[in-house]
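Taking it in order: structure first as structure tokens, then the write-up.
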Amino acid sequence: MRVSELFTRTLRDAPADADLVSHQLAIRAGLVRPAAAGIYAIMPLGWRVIRNIARVLREEMDAVGGQELVMPVVQPAEIWQASGRWDVFGPVLQKFASDAGREFALAPTHEDMVAYLAAREIASYKQLPQVIYQIQTKYRNEPRPRGGLIRLREFTMKDAYSLHRDADDLARVYEEMVRAYWRVFERVGIEAVAVEADNGAMGGSGSHEFVLRHAQGEALFAACDTCDYRANSEAAAFVLDQPEIGALQPVEKVATPDCKTIEDVAAYVGVPRRQTLKAVFFVHERPESSRFVFVVIRGDLEVNEVKLINALGGGELRAATDDEIRATGAVPGYASPLGLDPGVLVVADQSVRAGANFVVGANDEGYHLTGVNVPRDFDPAHVADIAEAYEGRAVPAARRGICTWSGRSSWGTVSSLARATPRQSARPIWTRTGRPARS
RNA sequence: CGGGGCGUAGCGCAGUCUGGCUAGCGCGCACCGUUCGGGUCGGUGAGGUCCCCGGUUCAAAUCCGGGCGCCCCGACCA
């Protein structure tokens, strides 16, 4: 067909609100046209690209025994209530009611529908394993769509789901899926990097994310400079440095006026940041309850909320308000795990054991304590790795490689899930794979 | 949800601070001419709720109040 007959026109100037080069080119070339924030029309040229990618995906999914189907985008509330996720998913799940008052949701993912179908189709373990997949629209009511096509509300995803009778079978198909993904990326011409990922709220064990090294990506991943360790920022582990510990000092209360941040305190007292302890406050929310969480971490580190959620066993986190902090007896800016109400849940990062003679808040406006030691002065009930890795840390695998950070843009994940949805009993073990084909 | 920016012709912009000619410019579009050809050159022309609502004023794109939308940073991201 001639370009002169093309439905789409091309543009010499990119729209002012397109910042990323990829976004500018996609619009100027007429691949896509915006309809609303995070919602695009795929124009004829763009659709050709998607169809070509889809063809490759179908061939590779079929090659590992996948059966294609199409599940609905509009799904009745009952399916989400049955899996327990109707009330848990949060605002990303776009709910709406028909005029008659029947409740529906736009599918942001299809596990729940798969569970619904599998429960009706699979009558015996002899029917397993099964691999099904679809190339279908997803709708996620993202709080902030961004970067043109980087993060969309409405998008197309290839998602595959496998159902298994046991863990060995799952592990076998998991590996097949990972290999299938490599073939897809190779054929499509994407230089993907496989990184260890976290399953997040889906739970389960084992997850690989295929990412594109991309400066404007949504997030970061860590890569070891000497070994092949690769992990996204939610999953990256690192080796904690162990400062030399001299003689333990006694606890002393010192005045630290106007020192509400770690930088201020460290500078005022004259110690490195890693000789301070920082308190961070969250409210841990679950469908049935919410609880205040007092988190303690070494001053030079940041809390990784995904790790913290995992340490807490799931649920959601939000930052606590100052009022909620005061209600526990802690003083914002000068909070201390020492002398807290014993009813307050304290979770400490393992870094609190890496160091000595820490400077911590005194729970008294304008004062800090020095010479605080673990476990002599406080002994946290819960200690876990909840710190975010960062550039320059040694990675655990090689024990000496240095971690470097790169931007990442997610092109797909393969996850191995323990069990679909605990509330739906007699469900087979199944895995979810997939998340590519965002144009 | 917090911080910042923007909204004037299909696209890119000027005009707004300091209210007042008929709201302009480039590209694109239509028509006529021109060229072997061209992202050619020349001419003519169409196209505007100046984001919306309200207010101030003799007079509002411009000032004031409210709202909506879009983009960026952060929070979030199953």
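Atom CZ of A:F7 sits in a sparse spot, with 12 or fewer heavy atoms from other residues, nucleotides or ligands closer than 6.0 Å.
A:K158 places a side-chain heavy atom less than 4.5 Å from the side chain of A:M61.
Within the shown strands, B:C73 is the pairing partner of B:G2 under the Watson-Crick or G-U definition, both distances less than 3.5 Å. Across every strand in view, B:A14 sits unpaired, with no contact that passes the Watson-Crick or G-U test at under 3.5 angstrom. The nucleotide B:G54 finds its pairing partner in B:C64, both defining distances of the Watson-Crick or G-U wobble pair being shorter than 3.5 Å. Of the nucleotides present, B:G43 is the one that pairs with B:C31 by Watson-Crick or G-U wobble criteria, both distances under 3.5 Å. B:U22: no Watson-Crick or G-U partner with both key distances under 3.5 Å is found in any strand.
For A:Q134 and A:D159, the side-chain atoms include at least one donor-acceptor pair closer than 3.5 Å.
Atoms CD (A:E302) and C1' (B:A75) sit 14 Å apart, rounded to a whole Å. If you measure from atom CD1 of A:I27 to atom P of B:C70, you get 14 Å, rounded to the nearest angstrom. In this structure, A:R153 atom CZ and B:C70 atom C1' are separated by 11 Å, rounded to whole Å. With rounding to whole Å, A:R146 atom CZ is found 6 Å from B:C73 atom P. Look at CG on A:N304: it is 12 Å from P on B:A75, rounded to the nearest Å. Atoms CZ (A:R140) and C1' (B:A78) sit 7 Å apart, rounded to a whole Å. Residue A:F282 contributes atom CZ, which lies 11 Å from atom C1' of B:A75 at whole-angstrom precision. Counting to the nearest Å, the P atom of B:A75 and the CD atom of A:E142 are 14 Å from each other.
Partners of A:V64 by side chain to side chain contact (heavy atoms under 4.5 Å, CB included), not counting sequence neighbours, listed by chain and number: A:E176, A:M177, A:A180, A:R183.
Atom name C1', nucleotides B:C63 and B:G10: the rounded distance is 31 Å, in whole Å. One P atom belongs to B:C32, the other to B:A23, and the distance between them is 30 Å to the nearest Å. The same atom, P, is picked in B:A61 and in B:C17; the two are 12 Å apart, to the nearest Å. A gap of 32 Å separates the C1' atoms of B:C73 and B:C27, to the nearest Å. Rounded to whole Å, the P atom of B:G74 lies 43 Å from the corresponding atom of B:A30. Annotation: B:C25 and B:G39 have their P atoms spaced 26 Å apart (nearest Å). Comparing the same atom, P, in B:C72 and in B:C64 gives a spacing of 28 Å after rounding to whole Å. Nucleotides B:U22 and B:C50, compared at atom C1', are 15 Å apart to the nearest Å.
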Would you list the protein and nucleotides 6-13 of chain B atom pairs, both N or O, that sit under 3.5 Å from each other?
from, atom 1, to, atom 2, distance (Å)
B:C11, O2', A:D13, O, 3.1
B:G12, OP1, A:A16, N, 2.8

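With respect to the salt-bridge test (charged N to carboxylate O, under 4.0 angstrom), the residues A:R58 and A:E68 qualify. Comment: A:D349 does not engage A:R298 in a salt bridge, judged by the lack of any side-chain N to carboxylate O separation of less than 4.0 angstrom. At a threshold of 4.0 Å, the pair A:E78-A:R102 counts as salt-bridged, since one of the basic side-chain nitrogens sits closer than that to a carboxylate oxygen.
In this structure, of B:C70, B:A75, B:A78, it is B:A75 that holds the atom nearest to the side chain of A:P143.
The only member of A:I297, A:V359, A:V265, A:V352 that meets side-chain contact (heavy atoms from CB on, under 4.5 Å) when paired with A:L277 is A:V352.
Along RNA chain B, the nucleotide nearest A:P108 and the nucleotide nearest A:G148 are compared for position; the residue whose nucleotide lies closer to the 5' end is A:G148.
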